[in-house]
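Let me begin by presenting the structure, written as structure tokens, before commenting on it.
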Protein chains: 2
Amino acid sequence: MDWDDIQFVLAVAREGSLSGAARVLGVNHATVLRRVTGFEQKLGLAIFERTARGYRLAPHRARVLAAMQAMEEAALGVGRALTVARAPLAGLVRVTSTDSICQAILPPIIARLQAEAEGLRIELSAQNQHADLARMDADIAVRPAEALPDELVGEVAGRLGFGVYAAPGGEAGWLGLSGPIARVRAARWMAETIPQANIAGWSDSFLVLREMAAAGQGRAVLPCVIGDGDPRLARLAGAMPEMNVDLWVASHADMVDVPRIRLVREMLLAALRQDSPRWLGQING
Amino acid sequence: MDWDDIQFVLAVAREGSLSGAARVLGVNHATVLRRVTGFEQKLGLAIFERTARGYRLAPHRARVLAAMQAMEEAALGVGRALTVARAPLAGLVRVTSTDSICQAILPPIIARLQAEAEGLRIELSAQNQHADLARMDADIAVRPAEALPDELVGEVAGRLGFGVYAAPGGEAGWLGLSGPIARVRAARWMAETIPQANIAGWSDSFLVLREMAAAGQGRAVLPCVIGDGDPRLARLAGAMPEMNVDLWVASHADMVDVPRIRLVREMLLAALRQDSPRWLGQING
DNA sequence: TCCATCCTTTGCATTCCTGCACAGACCCCC
DNA sequence: GGGGGTCTGTGCAGGAATGCAAAGGATGGA
């Protein structure tokens, strides 16, 4: 199998046309045509449907495309490894995130990154205050959000699931979210649904809420990555509609192209994407 | 970046010489030479050290090679997806394993495989009896072992770590392994180290041993994948030397090339390899 | 209805790559 | 010490892939 053919197929699938793919790849569109048709003939399998307006993925080919995209991810990983080998980057990269993510998701990933890029120092800072992503005393932010402000450039690493958790016997009242995290959709749902009078305690930290819930003070809306691992808590099925939020990995637009920051951001993104399936929790998933 | 070059680099790294790689790839050795040197010149980075006896990986290139191998895994995944898309295989594939692995590792993986290869029915059977791998009423076996008997053909998916676990306060006696699992190295260590008089209970199932340990009957040697997830148990650090055992995915030599069995075995192997890092547990890792 | 635009597809000249054959170097073993 | 085997590296010729240019077709808007 010719690995290069897959790059052509991917580009055509993304752009929706031979000409578009040719522009992206920087080759003649005739080349794209011959590579793609040749690939299909070698395989005896149609990947695309031809229309006059362009190429569209044939039905029942989503799985094939997904496998190819996984291969592209791996190819980007090779590129990063080569970058590191070629010019061992040094310096400090500051990563900021919420305290929950800093505890439940990032540590093993940061440790792996540290090991892969020696010479680079990665600093992890937990800050729930600047969750608005505007003022950011860091090089890279890992934040749940529905959209990214203009000053920041980044990509989505995956989706965080939320659930309602309580200790056995502690399902009486509710625990409320204050501060910036109150903006995530699950928190807004709670603000709209639960009367303030029923709320027994407040915090701006999911970790603190988890401890309060574990102590039996009430039900708390928590990210599944926080709640599912805790043996003291049980998830209340059907207590809230399924609400997921994107987790972004972003940098200031000005800092996007600083080599060491770009490298860490890309490695972080790849590692988070690999980890992301478990974020949805055991019911949402 | 030319993805095909990576195939050449991988082949040379594996075979240790241009000529060997050329034989494996089915091309002329001059082609391999030109692709590899061209790749290095494009990158401005030496991947290999040239000797008169062959090519050897240059120092500090292990990370690069690992990334390339990950890409190769992904390429195999593309091949499998294409196989499924081309000729949707149908029929029954019977997978057998130990009860612990059937519970702690396989279910989500089997579910994924089922989703990817519709039309195929995958049956999972937990059997601790035939752990010797000789008589096997299944198409594919997933078993911990140190080597594979001659009748079977397979590959290693990863290494299972073991630890000593007990409930708080229940660290008095020991719990022993009987039956075929007594052959894994961790069990042999226990048989040699612990006097039989100190053993408070026996079972041929790690799952049963876990329940006994959780009930406070004593310390049990358990695979980390079984013990680490259980909130009732704590792992006793330093209680035993680090002992890992390979987990094999194998089929009868006669059945190796049956398409649907081959496909499931390859998908299973790839999925297990992705899952394998967590098998070593939190201390061994 | 016609035109402009975008797309795919095909023929042709050129460029690049591959395979072959050969030379030189090294190692092992007789 | 010398021959057989294996390895890397280099010219040369044939062939495959590419870029270019032109043709054919569909769509959407004026």
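Excluded from the calculations below are hydrogen atoms, water molecules and symmetry mates; all remaining heavy atoms, backbone and side chain alike, are included. Labels below follow one simple rule: chain letters A, B, ... track the order of the sequence lines, proteins then strands, and each chain is numbered from 1.
Taking the charged nitrogens against the carboxylate oxygens, A/Glu40 and A/Arg50 do have a contact shorter than 4.0 Å, which makes a salt bridge. At a threshold of 4.0 Å, the pair A/Glu146-A/Arg188 counts as salt-bridged, since one of the basic side-chain nitrogens sits closer than that to a carboxylate oxygen. With salt bridges taken as basic N to acidic carboxylate O contacts below 4.0 Å, one links B/Glu155 and B/Arg273.
When the P atom of D/dA17 is taken as reference, atom CG of B/Asp4 falls 12 Å away, rounded to whole Å. Spacing between atom CD of B/Glu40 and atom C1' of D/dT8 amounts to 14 Å, rounded to whole angstrom units. If you take CG of B/Asp2 and P of C/dC16, they are 15 Å apart, rounded to a whole angstrom. Separating the CD atom of A/Gln7 from the P atom of D/dA17 is a distance of 17 Å, rounded to the nearest angstrom. In this structure, the CZ atom of A/Arg53 is 9 Å from the C1' atom of C/dC6, given to the nearest Å. Here D/dT8 presents its P atom at 14 Å from CZ of B/Phe8, a figure rounded to the nearest Å. We find that CZ of A/Arg23 is positioned 10 Å from C1' of C/dC7, with the value rounded to whole Å. One interatomic measurement links the two molecules: NE2 of A/His29 to P of C/dC7, which rounds to 10 Å at whole-angstrom precision.
When atom types are taken as modelled, the side chain of A/Trp248 and the backbone of A/Ala145 share a donor-acceptor pair closer than 3.5 angstrom.
Proximity note for A/Val27 (side chain, C-beta onward) versus D/dG19, C/dC20, C/dC26: the nearest is D/dG19. In this structure, of D/dT8, C/dG19, D/dT10, it is C/dG19 that holds the atom nearest to the side chain of B/Asn28. Among the nucleotides C/dT8, D/dT10, D/dT18, the one closest to any side-chain atom of A/Leu18 is C/dT8. Closest approach to the A/Ser17 side chain among C/dT8, D/dT8, C/dG19 is made by C/dT8 (side chain taken as heavy atoms from C-beta onward).
Side-chain polar atoms of B/Ser251 and B/Arg262 form no donor-acceptor pair below 3.5 angstrom.
For D/dG9, its base never sits under 3.5 Å from the side chain of B/Arg34 at any donor and acceptor pair.
Contact between the side-chain N/O atoms of A/Arg35 and the OP1/OP2 oxygens of D/dT18 is found at a separation under 4.0 Å. Neither OP1 nor OP2 of C/dC6 sits under 4.0 Å from any side-chain N or O of A/Tyr55. An OP1 or OP2 oxygen of D/dT8 is reached within less than 4.0 angstrom by a side-chain nitrogen or oxygen of B/Ser19.
Using a 4.0 Å heavy-atom cutoff across all strands shown, A/Arg50 reaches sugar-phosphate atoms only and no base atom.
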